[in-house]
A.B. asks: 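Please see the structure below; I have some questions.
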Amino acid sequence: MSEGNTLPKTERLYHKKLIDSLFGGGKSRSMTAFPLRLVFMPLEKDVDKESEADSKEAVSQMLISVPKRNLHRANKRNRVKRLVREAYRKHKAILAGQSYALAFIWLDPKLWTAADVEQRVVSLLNRVVERRDKS
């Protein structure tokens with residue numbers, strides 16, 4: 001198994017303070033590629049806590065939210081999360097060199113095919129990179 005295509009816990013967004021700052025506004029931005037909405041913000045590195053592993057490569061952290069309001073059945077919500085996670089895992093190299101906090105939010109009450117979800121995730125990641133390059 002190649003290390004480039006895994007999604008370890010270090011790449012999952014689970015710290016409450018970071019999630020609050022992501023959704024609290026300020027530096028965070030949002031964009032939509034229906035049925036996904038991406039909320040993102042660049043992460044600053046802590047110089048004090050930086051280890052050798054962190055200094056080699058910037059790591060982006062992500063979370064996925066599928067509201068019960070849109071998909072009532074848990075198995076459908078889990079399927080959507082699995083599809084988005086897989087698409088991100090395959091294409092996270094697009095964000096190489098920069099660290100972001102990312103939140104993917106599902107907007108549609110219907111299920112989509114894996115290919116369509118993957119296309120939307122790639123589109124959103126490319127738009128994040130384009131926005132970074134503009135500034």
Side-chain angles (χ1 to χ4, degrees):
M1 195 152 87
S2 68
E3 286 190 33
N5 275 345
T6 61
L7 194 63
K9 185 172 181 176
T10 58
E11 295 182 17
R12 309 263 175 128
L13 183 57
Y14 58 91
H15 287 88
K16 183 161 176 36
K17 285 184 182 180
L18 192 54
I19 294 170
D20 288 343
S21 66
L22 177 65
F23 289 108
K27 297 180 184 177
S28 64
R29 300 287 175 249
S30 172
M31 57 181 67
T32 303
F34 196 79
L36 286 170
R37 178 174 173 234
L38 176 66
V39 180
F40 67 97
M41 76 175 188
L43 293 175
E44 294 86 19
K45 290 184 181 180
D46 286 339
V47 178
D48 300 334
K49 298 180 180 180
E50 187 174 305
S51 66
E52 291 179 21
D54 293 339
S55 63
K56 289 180 184 175
E57 184 176 327
V59 176
S60 293
Q61 296 182 340
M62 58 90 71
L63 69 85
I64 302 166
S65 174
V66 183
K68 194 184 284 190
R69 173 183 55 194
N70 292 342
L71 292 170
H72 304 292
R73 305 285 305 252
N75 63 338
K76 291 182 179 181
R77 290 194 304 273
N78 290 338
R79 179 164 193 268
V80 166
K81 287 189 275 190
R82 194 178 313 118
L83 291 174
V84 174
R85 194 167 43 239
E86 177 72 5
Y88 175 78
R89 182 189 66 80
K90 288 166 80 175
H91 299 285
K92 67 182 179 180
I94 295 171
L95 298 174
Q98 289 288 327
S99 61
Y100 288 98
L102 306 165
F104 291 95
I105 303 167
W106 188 259
L107 302 173
D108 196 15
K110 296 184 175 126
L111 294 176
W112 286 48
T113 64
D116 290 338
V117 172
E118 187 170 339
Q119 178 186 2
R120 297 312 196 282
V121 168
V122 169
S123 169
L124 287 169
L125 294 177
N126 284 327
R127 287 168 57 193
V128 168
V129 171
E130 286 173 12
R131 186 174 275 190
R132 174 188 69 197
D133 292 340
K134 284 182 181 178
S135 18

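Positions are given from 1 along the sequence.
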A.B. asks: Any side-chain heavy-atom pair from Leu95 and Val129 closer than 4.5 angstrom?
C.D. replies: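 Contact flag for Leu95/Val129 side chains = yes.
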
A.B. asks: Sort out for me which residue in Val121, Leu107, Ile105 forms a side chain to side chain contact (heavy atoms under 4.5 Å, CB included) with Leu36.
C.D. replies: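 Considering Val121, Leu107, Ile105, a side chain to side chain contact (heavy atoms under 4.5 Å, CB included) with Leu36 is found only for Val121.
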
A.B. asks: If hydrophobic clusters are built from ILVMFWY residues whose side chains come within less than 4.5 Å, do Val122 and Leu124 share one?
C.D. replies: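 Per the 4.5 Å side-chain linkage, Val122 and Leu124 are co-clustered.
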
A.B. asks: At what distance, to the nearest 0.5 angstrom, does NE2 of His91 lie from CG of Asn5?
C.D. replies: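 With rounding to 0.5 Å, NE2 (His91) is 9.0 Å from CG (Asn5).
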
A.B. asks: Quick one: are Leu13 and Leu102 in side-chain contact, heavy atoms under 4.5 Å?
C.D. replies: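 They are not in contact (no side-chain heavy atoms under 4.5 Å apart), so the answer is no.
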
A.B. asks: Which residue is it: Leu83, Ile64, Val80? I am looking for the one with a side chain to side chain contact (heavy atoms under 4.5 Å, CB included) to Trp106.
C.D. replies: Val80

A.B. asks: Checking the side chain of Arg77 only, and the main-chain atoms of His72 only, is there a donor and an acceptor separated by less than 3.5 Å?
C.D. replies: yes

A.B. asks: Side-chain contact, heavy-atom cut-off 4.5 Å: Pro42 with Gln98?
C.D. replies: no

A.B. asks: For a side-chain hydrogen bond (donor to acceptor under 3.5 Å, both in side chains) with Glu11, tell me which candidate from Gln61, Arg89, Lys92 qualifies.
C.D. replies: Lys92

A.B. asks: Taking the side chain as everything from C-beta on, heavy atoms only, tell me whether Glu86 gets closer than 4.5 Å to Lys90.
C.D. replies: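 A side-chain contact under 4.5 Å exists here.
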
A.B. asks: Find the distance between CZ (Arg127) and CD1 (Ile94) and round it off to the nearest 0.5 Å.
C.D. replies: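 With rounding to 0.5 Å, CZ (Arg127) is 13.0 Å from CD1 (Ile94).
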
A.B. asks: If Ile, Leu, Val, Met, Phe, Trp and Tyr residues are connected whenever their side-chain heavy atoms lie under 4.5 Å apart, and connections chain through other members, are Tyr14 and Tyr100 in the same group?
C.D. replies: no

A.B. asks: Run the side-chain donor-acceptor check on residues 23-32: report pairs under 3.5 Å with partners two or more places apart or on a different chain.
C.D. replies:
residue, atom, partner, partner atom, Å
Lys27, NZ, Glu44, OE2, 3.0
Ser28, OG, Leu22, O, 2.9
Ser30, OG, Arg37, NE, 3.0

A.B. asks: Which pair of non-hydrogen atoms, one from Trp112 and one from Arg120, has the smallest distance, and what is that distance?
C.D. replies: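 Reported closest heavy-atom pair: CZ3-NH2, 3.4 Å.
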
A.B. asks: Please name the pair of heavy atoms, one in Ser123 and one in Ala33, separated by the smallest distance, quoted to 0.1 Å.
C.D. replies: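 Scanning both residues, the minimum pair turns out to be OG-CB, 4.4 Å.
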
A.B. asks: Could you check if a side-chain atom of Leu18 sits within less than 4.5 angstrom of a side-chain atom of Met41, using non-hydrogen atoms only?
C.D. replies: yes

A.B. asks: Are Arg79 and Asn75 packed together at the side-chain level, in the sense that at least one heavy-atom pair is separated by less than 4.5 angstrom?
C.D. replies: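 Side-chain contact under 4.5 Å: no.
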
A.B. asks: Is Val59 linked to Val128 within one hydrophobic cluster, defined over Ile, Leu, Val, Met, Phe, Trp and Tyr using a side-chain heavy-atom separation of less than 4.5 Å?
C.D. replies: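 They do not share one cluster, since no chain of ILVMFWY contacts under 4.5 Å joins Val59 to Val128.
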
A.B. asks: Testing the basics here: between Arg132 and Ala96, what is the closest heavy-atom pair and its distance to 0.1 Å?
C.D. replies: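 In this case the closest contact between Arg132 and Ala96 is NH1-O, 4.1 Å.
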
